[in-house]
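First up is the structure itself, then whatever we jot down about it.
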Amino acid sequence: MHRIRLAGLAVSVSTLAIGLTGCSVISAFTPHVDSAIFASAKEFTPSATASFGSPAFIPADASIIRVDYDTQGKGAILTYTSKTHFVKGTCEKAAPLPTTQIQDSWWPVAALPKQGVSCPGGWTAFAIGDQIYAAIPTSKTS
C-alpha cells in the first residue's frame, strides 16, 4: 500500500514538473511587455523612463505619451500627440518604417506613410497627422 502511494506521488510530482517546465519554455519565446502612460512630456523624466530609455526627440508639447516596452530586451513602441512632432534637429534623416514584435491596439497597421525618420537612441518614428509613432526593434537576445 505504501509503494502505491509513493508511486502516485512520483507521478504527480513528475507531471507538475513537466507542466512547469513547459511554461518556462513558452515564456522564453513570449515578449515580456510592460506599458506606461504619461500625461505630458514633463512626466517623461529619465527616472520614469529608465526601463526603456528616455527618447530625447519628444518635444515639450507632447501629450498622452503611451509606451509598451520589452522588459528583457531593448524593444519598445510609443505614441504621442504633438503639433511640433519632434525636438528640432533630432529626427530628420529618412529611414524605413520600424518593425517590432511588440504590438498594441493603438499601434497602426494601415494607412502608414512610405517611410519614417531615424531618431536618437535607435528609435525610428513616423507621423500620421499630429500623432507620432516610434519603435526600437526588439533585441535578438531576449
Side-chain angles (χ1 to χ4, degrees), residues 3-142:
R3 288 183 184 175
I4 293 173
R5 286 185 193 164
L6 286 177
L9 180 61
V11 169
S12 296
V13 169
S14 297
T15 303
L16 179 63
I18 290 170
L20 291 176
T21 302
C23 290
S24 298
V25 169
I26 289 170
S27 69
F29 296 103
T30 306
H32 304 280
V33 178
D34 278 344
S35 61
I37 300 175
F38 304 88
S40 70
K42 290 178 186 175
E43 295 177 11
F44 210 66
T45 62
S47 62
T49 62
S51 298
F52 54 88
S54 183
F57 58 87
I58 296 181
D61 72 337
S63 62
I64 315 296
I65 304 166
R66 299 175 66 102
V67 183
D68 288 357
Y69 57 95
D70 184 334
T71 61
Q72 295 186 342
K74 69 173 195 169
I77 59 174
L78 70 82
T79 187
Y80 59 90
T81 303
S82 168
K83 297 250 183 236
T84 310
H85 293 196
F86 308 108
V87 169
K88 186 177 173 112
T90 58
C91 303
E92 297 177 335
K93 184 179 177 186
L97 288 181
T99 57
T100 178
Q101 294 175 6
I102 300 171
Q103 295 293 314
D104 203 330
S105 60
W106 49 261
W107 187 259
V109 293
L112 300 174
K114 293 190 187 300
Q115 65 181 8
V117 290
S118 177
C119 299
W123 293 86
T124 302
F126 60 94
I128 299 176
D130 287 335
Q131 191 68 34
I132 310 304
Y133 299 91
I136 293 178
T138 306
S139 68
K140 301 294 183 203
T141 59
S142 58

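Numbers for residues simply follow the sequence, beginning at 1.
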Q | Derivation and outcome, side chain to side chain contact (heavy atoms under 4.5 Å, CB included), residues Val33 and Tyr69 | A | CA-CA 5 Å; Val33 178; Tyr69 57 95; over 6 Å; no

**Q.** Exercise: do Thr71 and Asp34 side chains pair donor with acceptor under 3.5 Å
**A.** no

**Q.** Gap separating the CG atom of Asp61 from the OG atom of Ser40, nearest 0.5 angstrom
**A.** 10.5 Å

Q: Would you confirm whether Glu92, through its side chain, and Val117, through its main-chain N or O, come within 3.5 Å as a donor-acceptor pair?
A: no

Q) How far apart are the C-alpha atoms of Trp107 and Ile102, what are their side-chain angles, what is the distance that settles it, and do they pass the side chain to side chain contact (heavy atoms under 4.5 Å, CB included) test? A) CA-CA 9 Å; Trp107 187 259; Ile102 300 171; over 6 Å; no

Q.
side chain to side chain contact (heavy atoms under 4.5 Å, CB included), that's the test. Do Cys119 and Thr90 meet it? Break it down for me.
A. CA-CA 6 Å; Cys119 299; Thr90 58; 5.7 Å; no

Q: Please round to the nearest 0.5 Å and tell me the distance separating atom CD of Gln115 and atom CG of Leu97.
A: 8.0 Å

Q. Roughly how far apart are Asp68 CG and Thr100 OG1, rounded to 0.5 Å?
A. 9.5 Å

(Q) Within this structure, what is the CD1-OG1 distance for the pair Ile132 and Thr84, rounded to the nearest 0.5 Å? (A) 9.5 Å

Q | Pair listing, side-chain hydrogen bond (donor to acceptor under 3.5 Å, both in side chains) test, anchored in residues 120-130, at least two apart | A | Lys83-Asp130, His85-Asp130

Q) Which atom names give the shortest non-hydrogen contact between Pro55 and Leu78, and what distance separates them? A) CG-CD2, 3.6 Å

Q) Can you name the nearest heavy-atom pair linking Ala41 to Pro59, along with the distance? A) CB-O, 3.4 Å

**Q.** Residue pair Ile77 / Ala135: nearest heavy atoms and the distance that separates them
**A.** CG2-CB, 3.9 Å

**Q.** Spatial distance of atom OG (Ser63) from atom CD1 (Ile58) [nearest 0.5 Å]
**A.** 11.0 Å

Q. Do Pro137 and Thr99 have side-chain heavy atoms sitting under 4.5 Å apart?
A. no

**Q.** Intermediate values then yes/no, side chain to side chain contact (heavy atoms under 4.5 Å, CB included), Val67 and Phe38
**A.** CA-CA 9 Å; Val67 183; Phe38 304 88; 4.3 Å; yes

Q: Determine whether Pro108 and Phe126 make a side-chain contact, defined as any pair of heavy atoms from C-beta on separated by less than 4.5 Å.
A: yes

Q. Measuring from Arg66:CZ to Tyr80:OH, what's the distance to the nearest 0.5 Å?
A. 15.5 Å

